[in-house]
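Have a look at the structure below, then the notes.
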Amino acid sequence: MMERRDRTRILLSSKEAAEWFIRLKDMPPSRVAHREYLNWLKASPSHMAEALRIGRMYGLLRYSQSLPGDARQEASNVVEMLVPGPAGDRHDAGAAPSKRLAVPVPRRRWKWLRRALVAAPTLMSAGRPEQVRAESAEDATSESQR
Amino acid sequence: MPDTQEGMARSTARPATLRDGRLASWFVEWRGPIRKWLSSRSSVPAADLDDVAQEVFLRLLRYSDDIVIDNPQGYLFRVAANVASEWRERARLRCPHDQNWLQDLPIEPANEPENAVARSVVRQHVRTAVDQLPPRQRTALLLHVHDGLTYMQIAERLGLSYRAVMRDLTRAYSRLRLQLNAEDLGRSNRC
């Protein structure tokens, strides 16, 4: 019961705070409006708290709604991770990700196939286990980079 | 320093020049000290927000009713930012071992290092909440926040009355305030 009343009070205060926020931001400054706003703020500490929260909310909304550039950045990061090659080579990968992506991927597949063909008879004959382990480790490493 | 900044409250008449370019001036304020408060990364723990509000309230009560404050909203956020900075000092003394809290404190929001995970979580919460708004409220809100239109401009663009847009915006802001939890509206770190 108490919680419900609190929620109703908060709802009312937050609506009033939102309206004041919008009015003062969007309308020409008016001495009367300023006086009324100050009176409203002075009427209750909860008005003050809601006024501050609305301001925080506006900042948060601006922040969260203004990041299309970051989304593109994240997308290019994903592409970048897919590009194989030496680590030092990746820093400029974002410049033309699609071009870089198109070339190395097929080459990489062929490399895998070639290694598999080389490794298969080696495994079957159980010869040179060190090299097998080394090859496997190398493959695992390059796999984890994909 | 806080009290010197509060000196913008004065009883003299407001210069006529302030009537012009009021939106521009609001955003100039936005870029200034007020941004400290409006920033989503302002260094006030959400749990302390009510205490900060109480302190700002008490300071406001010191002014008599006949004092006119130019840009009272800017004044409010500026004082809140000042109070928050005082709280920061108190927190430093009160919680000397809370390194997580302290490390971020001296840094201006604009220069704060990226905390990509936490920030993307908050961003996602906000976007989800915005997406759940009724379509007309959502449209009005995005035009207001993202495109920076006034509610009158939004009304003209959408072919609605000023009153209807004000109602949509008010409801949208209010609904978001109730939906987003305290952590989204400020830091939750506290000792």
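Here the structure is a predicted model, which is why all the values come from computation and not from measurement. In what follows, chains are A, B, ... by sequence order, proteins preceding strands, each numbered from 1.
Between chain B and the residues His47(A), Lys15(A), Glu19(A), Met48(A), the largest count of heavy-atom pairs under 4.5 Å involves Met48(A). When Ala129(B), Ala172(B), Pro72(B) are compared by the number of non-hydrogen pairs under 4.5 Å with chain A, Pro72(B) comes out ahead. Per-residue counts of heavy-atom pairs under 4.5 Å with chain A were compared for Val145(B), Val56(B), Val130(B); the largest is that of Val145(B).
Under the 4.5 Å side-chain heavy-atom criterion for ILVMFWY residues, a single connected hydrophobic cluster contains both Met27(A) and Leu169(B). Hydrophobic clustering of Ile, Leu, Val, Met, Phe, Trp and Tyr side chains at less than 4.5 Å, counting indirect connections, unites Leu141(B) with Met152(B).
Between Leu61(A) and His146(B), the closest side-chain pair of non-hydrogen atoms is not below 4.5 Å. The shortest distance between side-chain heavy atoms of Val122(B) and Ser64(A) does not fall below 4.5 Å. Contact of the Leu41(A) side chain with the Phe57(B) side chain is not registered, since no non-hydrogen atoms from C-beta on lie closer than 4.5 Å.
Put simply, CG on Asp26(A) and OH on Tyr151(B) are 7.0 Å apart, with the number rounded to the nearest 0.5 Å. A distance of 11.0 Å separates CG in Leu38(A) from CD in Gln73(B), rounded to the nearest 0.5 Å. Arg53(A) contributes atom CZ, which lies 14.5 Å from atom CG of Leu176(B) (distance to the nearest 0.5 angstrom). A distance of 12.5 Å separates CG in Leu76(B) from CH2 in Trp20(A), rounded to the nearest 0.5 Å. To the nearest 0.5 Å, atom CZ of residue Phe77(B) and atom CZ of residue Arg56(A) are 10.0 Å apart. Residue Thr170(B) holds its OG1 atom at 10.5 Å from CD of Glu16(A), rounded to the nearest 0.5 Å.
Using a 4.0 Å cut-off between a side-chain N of Lys or Arg and a carboxylate O of Asp or Glu, Arg177(B) and Glu50(A) qualify as a salt bridge.
Note: Tyr58(A) and Tyr173(B) have tilted aromatic rings, judged against thresholds of 30 and 60 degrees for the angle between ring planes.
For chain B, the nearby part of Ser44(A) is the backbone; its heavy atoms alone come within less than 4.5 Å. Contact of Leu58(B) with chain A is not made at all, since no heavy-atom distance falls under 4.5 Å. Heavy-atom distances place the side chain of Ile54(A), and not its backbone, under 4.5 Å from chain B.
Across all non-hydrogen atoms, the minimal contact from Ser174(B) to Ser14(A) is OG-OG, 2.7 Å.
No more than 12 heavy-atom neighbours from other residues, nucleotides or ligands sit within 6.0 angstrom of CZ on Arg157(B).
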